Structures are given as structure tokens and as C-alpha cells.
Colleague: 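I am attaching a structure below and will ask some questions about it afterwards.
In this text the structure is predicted, and so the values were computed from the model without any measurement.
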Amino acid sequence: QGMVGGLGTLGWSLVLFVLCVYLVALVFRELLGPKDETIDHTMAKWYFRNVPRSMYTIFRCSFGDCSTAEGLPMAEIIVAGSGGIWLSFLYSGFTFIVMIGIFNVISAI
């Protein structure tokens, strides 16, 4: 009875998590995505080149693996590139909401 009762809460938590990832991915896709055709895989533009890739990058970052294929931290690339420091605050707020808010609801089930 306890496991079945928690499935509804778990389902809604996952829906909320996917919605948060989707919304942040859309914002980062528009702000950091490529404006032209020159995309290098070492730049942040490559990780936000379309919405599915942006969602995958945000999903990886929400679980702590926020690095490039070369092992460089994504936050440093965003700050050094066209993102600026305010996007790192947006990412930090997203991480805080996901880690503290949503994952605590999931672990409380």
C-alpha cells in the first residue's frame, strides 16, 4: 500500500522535473545556442545547438555531470563565452531548485 500510494507523488515529481529541464533548456537554447553555422564542440553553442541536445545537457548538469567532452566545466565555458556571469546565477538557481526541492520530494517517498 505504501509503494502504490507513493507512485502518484513520484509521477508528479518526475513531470515537474521534466518540465523544469524543458523550460531551462529552452532558455539556454535561445541564449547560448548558435546564431550562425560555426559550431565547435568545445564551445557552449555545441551543447545547446537544439532543444533535445540542450535538454540532455541540462539533465546531465542537474545530476552533477556538468562538463564538456574534454572534461572542462560547463559553467566556465558559459561565463568565458557569450553567456556572462548572470547565466551562471540562473544555472545555480536551477540546480538549487532541482537538488533541494524536487529531489527531496522524490527521496521522501
Side-chain angles (χ1 to χ4, degrees):
Q1 230 180 27
M3 290 292 286
V4 174
L7 285 178
T9 305
L10 181 62
W12 283 111
S13 296
L14 291 176
V15 167
L16 182 63
F17 174 67
V18 170
L19 184 65
C20 286
V21 167
Y22 179 69
L23 290 176
V24 172
L26 285 178
V27 169
F28 277 134
R29 165 62 186 103
E30 285 300 314
L31 295 176
L32 295 174
K35 309 291 189 275
D36 52 4
E37 295 299 320
T38 59
I39 300 174
D40 184 15
H41 72 279
T42 59
M43 300 184 323
K45 293 178 183 179
W46 191 81
Y47 295 97
F48 299 100
R49 66 185 182 271
N50 55 29
V51 175
R53 179 61 199 192
S54 181
M55 284 182 68
Y56 178 66
T57 303
I58 296 297
F59 177 78
R60 282 185 49 216
C61 287
S62 67
F63 284 103
D65 183 27
C66 198
S67 59
T68 63
E70 290 81 23
L72 301 170
M74 186 72 68
E76 292 295 326
I77 291 175
I78 291 172
V79 169
S82 61
I85 193 73
W86 62 276
L87 278 179
S88 65
F89 286 125
L90 178 66
Y91 167 72
S92 298
F94 168 73
T95 304
F96 179 78
I97 289 170
V98 168
M99 293 292 187
I100 303 301
I102 299 173
F103 287 162
N104 277 338
V105 170
I106 293 172
S107 66
I109 298 173

Colleague: For R60 and T57, indicate whether the former's side chain and the latter's backbone hold a donor-acceptor pair under 3.5 Å.
Modeller: no
Colleague: Please check if atom CZ in F63 has more than 12 non-hydrogen atoms from other residues, nucleotides or ligands closer than 6.0 Å.
Modeller: yes
Colleague: From L32 CG over to I77 CD1, what is the distance, rounded to the nearest 0.5 angstrom?
Modeller: 11.0 Å
Colleague: Do you know which two heavy atoms are closest between A69 and Y47, and how far apart they sit?
Modeller: N-OH, 2.8 Å
Colleague: Is I97 reachable from V21 through a run of I, L, V, M, F, W or Y residues, each pair having side-chain heavy atoms under 4.5 Å apart?
Modeller: no
Colleague: Does any non-hydrogen side-chain atom of Y22 lie less than 4.5 Å from one of I58?
Modeller: no
Colleague: Looking only at non-hydrogen atoms, find the nearest pair between S54 and A25 and report the distance.
Modeller: OG-O, 2.9 Å
Colleague: Nearest 0.5 Å, please: how far is CG in L7 from CG in L14?
Modeller: 10.0 Å
Colleague: Are W86 and L26 linked, directly or through intermediate hydrophobic residues, by side-chain heavy-atom contacts shorter than 4.5 Å (ILVMFWY only)?
Modeller: yes
Colleague: Any donor and acceptor pair, going by atom type alone, linking the side chain of R29 with main-chain N or O of R53 inside 3.5 Å?
Modeller: no
Colleague: Would a hydrophobic clustering, with Ile, Leu, Val, Met, Phe, Trp and Tyr connected at side-chain separations under 4.5 Å, put V27 with M74?
Modeller: yes
Colleague: Same cluster or not: are L10 and L16 linked, directly or through other Ile, Leu, Val, Met, Phe, Trp or Tyr residues, by side-chain heavy atoms under 4.5 angstrom apart?
Modeller: yes
Colleague: Please check if F48 and F59 belong to a single hydrophobic cluster, counting links between Ile, Leu, Val, Met, Phe, Trp and Tyr side chain heavy atoms closer than 4.5 Å.
Modeller: yes
